[in-house]
Amino acid sequence: MVLNMDSTIPIYVQIAEWLENEILNENLKVNEKVYSQYKLADMFTINPATAAKGLNLLFEEKILYNKRGLGKFVSTEAMDIVLEKRKNHKLKGLLKEAVQEAVRLQVAEEELLGMFKQILNESKGE
Amino acid sequence: MMSLTKVSLSNVVVMQFRYKLKAYSGVFLALMVVQMIGILLSILGHGGTSFSNGMYTVDVTVSSPDLVIFLTMIWAFMNAILITTKAYREDDFTFVSNRLSYNLSNMAFLLTVCLIGTVTALLTTGIIRILAYVTADIDIFLTITHGVTIADFVAGGLATFLFILLAATAGYLVGMMTQVNKGLIILLPVIIIGLNYVTQSSSNPGFVNMLEFYFMEHSFIMFSIKAIVTILIGFGLSIVFSNRLEVR
Amino acid sequence: MNVIECEGLVKKYGSLNALDHISFSIKENTITGLIGRNGAGKTTLLKILAGFWRETEGTITVFDRRPFNNLEVSMNSIFVDDMMSFTNTLNLKELLSEAQAFYPNWDAELAERLLGYFNFNPRLVHQSLSKGKRSTFNMIVGLAAKCPLTIFDEPTTGMDRAVRKDFYRALLKDYLLNPRTIIISSHHLDEMEDILEDILLIDEGKKVLQLPVDELKEYAVTLSGRTAVVMQTLQDKEVIYKRNVDIDNCSVVVRNNFLHGEVKQLGINVSPVTPSDLCVYLTKGQGGGIDDVFNKSKSV
Amino acid sequence: MAVIVSLVPLLIIIIIILWFVTLKKRLTRKSLTLRQSTLIFIVYVTILLITTVVSLFLPSSEANIIEDPHQSEEWNGGLYMKAMQGEFSSIATSKISRSWEIPYTGDVITLASDYYDEGILVEKTDELNGQIEVYYIKDWQTLGVNSVSMDVSEYTPDMDVEMTSNTLQFVSPEKESTIHLAFNDLAFPMKQLIGESQFGNGFGSSGSSFFYIRVPRNLNVEFSDYMYIDYVEN
């Protein structure tokens with residue numbers, strides 16, 4: 001499915017990210033029950049323990065909350081947490097890597113910004 | 001969690017026994033072939049005598065299931081060796097088994113096939129007579145029935161069974177010893193020669209005395225005791241030998 | 001609760017230690033991958049677990065019992081490998097119904113469906129099957145038996161890739177429905193690592209490590225870059241494996257217990273190590289890699 | 001020939017052993033299914049049962065076992081000696097295999113034989129007038145099979161006599177006739193338990209037989225030289 005088994009990112013992180021995407025796409029809404037570890041294991045052909053680890057990750061980040069005996073549900077502030085996390089960590093990280101590469105290639109600041117704007121425009125146009 | 005299943009040894013033995021009857025059905029075909037060879041040889045080499053006084057010749061054919069019984073004993077011996085081999089053992093340990101249940105079900109199996117072997121061996125009497133009648137142009141059959149009671153026949157049948165079972169026990173023990181340790185193959189002739197030495201007497205070499213121990217016993221009770229004790233010792237030793245056997 | 005407890009287990013063949021003081025435990029209802037190179041002692045260990053072989057030293061308990069010659073352990077476990085022997089007087093369908101008599105949890109419906117799915121002719125006998133088909137049939141028996149301890153020793157021998165994928169999927173689905181303790185030994189770690197919970201890596205009869213698969217993925221990283229630079233950073237790191245790419249460049253596998261930032265700044269490339277590669281690196285003998293064989297022969 | 005025949009079982013046993021050894025290997029490719037082998041075996045057992053029943057209808061008779069032939073007085077021609085001493089009447093009727101009563105009024109009778117070289121006893125008696133009596137007495141025909149010896153005299157053919165004018169002709173049965181007997185031996189474990197020896201040989205011997213002829217005292221008996229005739233002492 002959408003998991004990349006050969007990726008550098010551990011499967012349970014990928015599971016968490018996939019669930020975050022589901023929340024961002026609003027496939028999973030606030031206070032909605034998320035897939036159980038067994039359902040996830042079946043969906044992605046992974047060990048349920050791995051799936052549980054992914055769910056736990058989100059629980060620790062307060063994106064999900066527990067209802068005793070019922071499973072995990074999407075918390076009210078889930079969307080904000082996910083957005084915040086993606087911006088501060090993932091996006092920043094990606095940009096940082098891009099900048100590092102630019103430094104290595106001795107790309108001037110203006111040129112880099114130009115490239116950035118160009119890509120931005122291209123994706124807007126799509 | 002999945003709860004552990006409680007086991008009873010007897011249940012497992014019964015299951016293994018039933019499986020063996022199906023899985024080893026080849027032994028019945030082997031029995032059939034062996035007995036048919038026995039029947040043919042009984043007809044061909046009828047081992048009779050004849051006399052002639054110039055006027056006429058009296059030609060006698062001996063019709064007896066002896067050869068068939070003897071070949072059935074060899075069959076039992078070979079079969080017992082065969083079922084101790086690795087290939088057969090692997091079939092067993094594919095499913096639930098431990099060494100005790102493996103041995104007990106083997107013994108139940110041997111007991112059953114030896115019983116079948118005994119019955120069919122004794123039943124070949126009729127076909128041997130008919131074939132003799134047809135091929136040797138028999139005028140009349142002389143039978144000893146006078147002084148032989150039904151009880152004698154029953155005892156004789158049981159003795160036949162015990163003889164065949166003795167052969168199976170010997171085979172099973174030999175087979176199990178060689179399975180446990182290949183070195184025992186070399187030991188076996190040594191044991192046999194040793195026993196021969198120990199049991200020899202002034203009149204007979206040892207192996208004759210050993211055979212006479214079983215073959216010259218006229219009392220049914222004594223014979224049964226000798227045979228059953230031997231069988232129990234043989235099977236008991238097999239269990240002891242195989243209890244440390246590594247399988248599969 | 002631990003289904004398997006193993007303490008100082010030794011198995012000797014003559015003077016050779018096939019298992020050398022190995023200790024580990026396996027939790028109930030987990031899928032554990034037993035990984036090791038050929039001759040590492042995987043089969044020996046599994047056969048002792050199944051009660052077929054006798055341990056030389058140490059203690060081993062399965063369901064709190066010594067497995068050797070234990071009927072209860074035999075009843076509650078099944079050992080599947082490509083050497084499984086079935087009588088050829090019975091056809092496949094009859095074999096399955098025989099197996100049903102032995103195993104109380106036997107799932108006849110599952111067995112029949114799998115037989116159909118993998119296009120078996122139920123009237124064939126086991127010995128007439130191809131190697132891959134035989135492994136597939138054995139796997140069906142292993143799954144349908146639903147034993148609390150299910151052991152697969154190289155279950156995918158001879159199976160083609162599609163069947164292997166089906167097997168792993170079937171195993172996982174069946175595990176989700178009927179959680180039980182499963183141990184799989186296999187060469188194909190990369191194919192099955194996702195369905196595993198734990199990995200037990202052994203080498204030369206010794207335990208190398210036992211970890212959840214996720215942790216194994218983050219256990220080590222590869223540092224690659226200019227040899228001089230890389231070497232400089234290695235002082236405080238645990239080196240697992242080293243390889244010279246060319247005269248100037250090398251790549252080194254190290255324990256992943258440091259911050260990546262500083263090495264990245266040195267222009268060293270940090271990349272992950274797949275569990276299957278890691279297992280290979282961890283079990284490489286003293287002799288180094290295959291490259292050394294060729295290097296030496298060049299110098300002679 | 002006998003040597004070859006006795007080697008056959010040994011050969012077969014070796015073949016069987018080899019066959020067993022290779023059995024497992026052969027099984028790996030082709031073997032009969034349970035259903036096939038069950039069917040074949042059931043057919044086999046059925047055949048055995050049917051033949052067992054059929055065999056009961058074969059012509060059979062109780063064997064006449066001789067416990068210890070050396071003890072019996074009839075052995076070694078005892079009957080002939082007894083009869084010669086005039087004790088014919090004491091011979092058991094079961095030993096008299098055939099008898100003829102032939103009216104004869106002539107003065108001379110000639111004895112002739114086509115082929116007969118055993119004894120003929122002639123008793124001249126006052127009791128008879130106008131007739132002669134001929135008895136064919138058959139001694140033991142001992143047959144040894146394995147460890148038992150039995151008397152098969154009742155199955156061997158008897159001599160016949162023919163009266164033509166003044167000649168009494170002894171006629172032997174059809175020349176070179178063979179009597180095929182079969183002895184239903186008990187299985188060896190059965191023999192063992194009824195105390196019969198497993199080993200050893202019973203002995204076979206064709207016992208003697210003779211004619212006993214009673215004639216009126218005044219009848220002249222003539223015969224050719226080659227015939228062996230004794231007169232009863234009385």
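We name chains A, B, ... by the order of the sequence lines, and we start the count at 1 in each one. The figures here come from the full heavy-atom set of this structure, side chains too, leaving out hydrogens, waters and symmetry mates.
Proximity of a side-chain donor or acceptor of D:Gln192 to a complementary backbone N or O of B:Tyr214 within less than 3.5 Å is detected. With hydrogens and angles ignored, the 3.5 Å screen pairs no side-chain donor or acceptor of D:His180 with any backbone N or O of B:Asp59.
Taking both residues in full, the closest heavy atoms of D:Met190 and B:Gly156 are given as CG-CA, 3.6 Å, listed atom of the first, atom of the second, then distance. The minimum heavy-atom distance between B:Ser25 and D:Leu34, with the atom names listed, is CB-CD1, 3.6 Å. Considering all non-hydrogen atoms of both residues, D:Leu181 and B:Ile138 come closest at O-CD1, 3.9 Å. Listed here is the closest heavy atom pair of B:Met32 and D:Tyr44: CG-CG, 3.3 Å. Closest non-hydrogen pair, D:Leu193 versus B:Ala159, comes out as CD1-CB, 3.7 Å. Taking all atoms of both residues into account, the shortest heavy-atom contact from D:Ser61 to B:Ile140 is CB-CD1, 3.9 Å.
Rounding to the nearest 0.5 angstrom, the gap separating the CG atom in B:Leu29 from the OG atom in D:Ser37 is 5.0 Å. For the atom pair D:Asp185 CG and B:Ile144 CD1, the distance stands at 6.5 Å (nearest 0.5 Å). Remark: D:Thr46 OG1 to B:Leu123 CG distance equals 11.0 Å, nearest 0.5 Å. Interatomic distance, D:Leu186 CG to B:Phe153 CZ, rounded to the nearest 0.5 Å: 5.5 Å. Here the NZ-NE2 distance, from D:Lys191 to B:His218, works out to 12.0 Å after rounding to the nearest 0.5 Å. To the nearest 0.5 Å, the span separating CD1 on D:Ile194 from CZ on B:Phe220 amounts to 14.0 Å.
Between D:Pro59 and B:Tyr133, the closest side-chain pair of non-hydrogen atoms falls below 4.5 Å. Between D:Thr52 and B:Thr125 there is no side-chain heavy-atom pair separated by less than 4.5 Å. In this structure, the side chains of D:Leu48 and B:Thr120 come closer than 4.5 Å at one or more pairs of heavy atoms. Within the 4.5 Å cutoff, no side-chain heavy atoms of D:Phe188 are placed close to those of B:Thr160.
Contacts of D:Tyr155 with chain B are made by side-chain atoms alone, with heavy-atom separations under 4.5 Å and no backbone atom involved. Contact of B:Leu131 with chain D is not made at all, since no heavy-atom distance falls under 4.5 Å. For chain D, the nearby parts of B:Ala155 are the backbone and the side chain; heavy atoms of each come within less than 4.5 Å. Residue B:Ile81: no heavy atom, backbone or side chain, is found under 4.5 Å from chain D. Interface residue D:Ile47: only side-chain heavy atoms are found under 4.5 Å from chain B. Looking at D:Val53, neither its backbone nor its side chain comes within 4.5 Å of chain B, counting heavy atoms on both sides. In this structure, no portion of B:Thr149 lies under 4.5 Å from any heavy atom of chain D.
Contacts of residues 223-230 of chain B with chain D at a heavy-atom distance below 4.5 Å involve B:Phe223, listed in sequence order.
Every residue meeting the side chain to side chain contact (heavy atoms under 4.5 Å, CB included) condition with B:Thr72, not counting sequence neighbours, appears here in chain and number order: B:Leu31, B:Gln35, B:Val68, B:Trp75, B:Ala121, B:Ile164. In this structure, the salt bridge (charged side-chain N to carboxylate O under 4.0 Å, His left out) partners of D:Asp160, at least two apart in sequence or on a different chain, are D:Arg98.
Residue pairs meeting the salt bridge (Lys or Arg N to Asp or Glu O under 4.0 Å) criterion with at least one member in residues 69-85 of chain B: none, sequence neighbours excluded.
Most heavy-atom pairs under 4.5 Å with chain B, from the set D:Val45, D:Ile179, D:Thr156, D:Thr38: that is D:Ile179. Among B:Gly126, B:Ser219, B:Gly38, the residue making the largest number of heavy-atom pairs under 4.5 Å with chain D is B:Gly126.
With no hydrogens or angles considered, a side-chain donor-acceptor pair links D:Asn184 and B:Thr143 at under 3.5 Å.
B:Ile150 CD1: 12 or fewer foreign heavy atoms inside a 6.0 Å radius.
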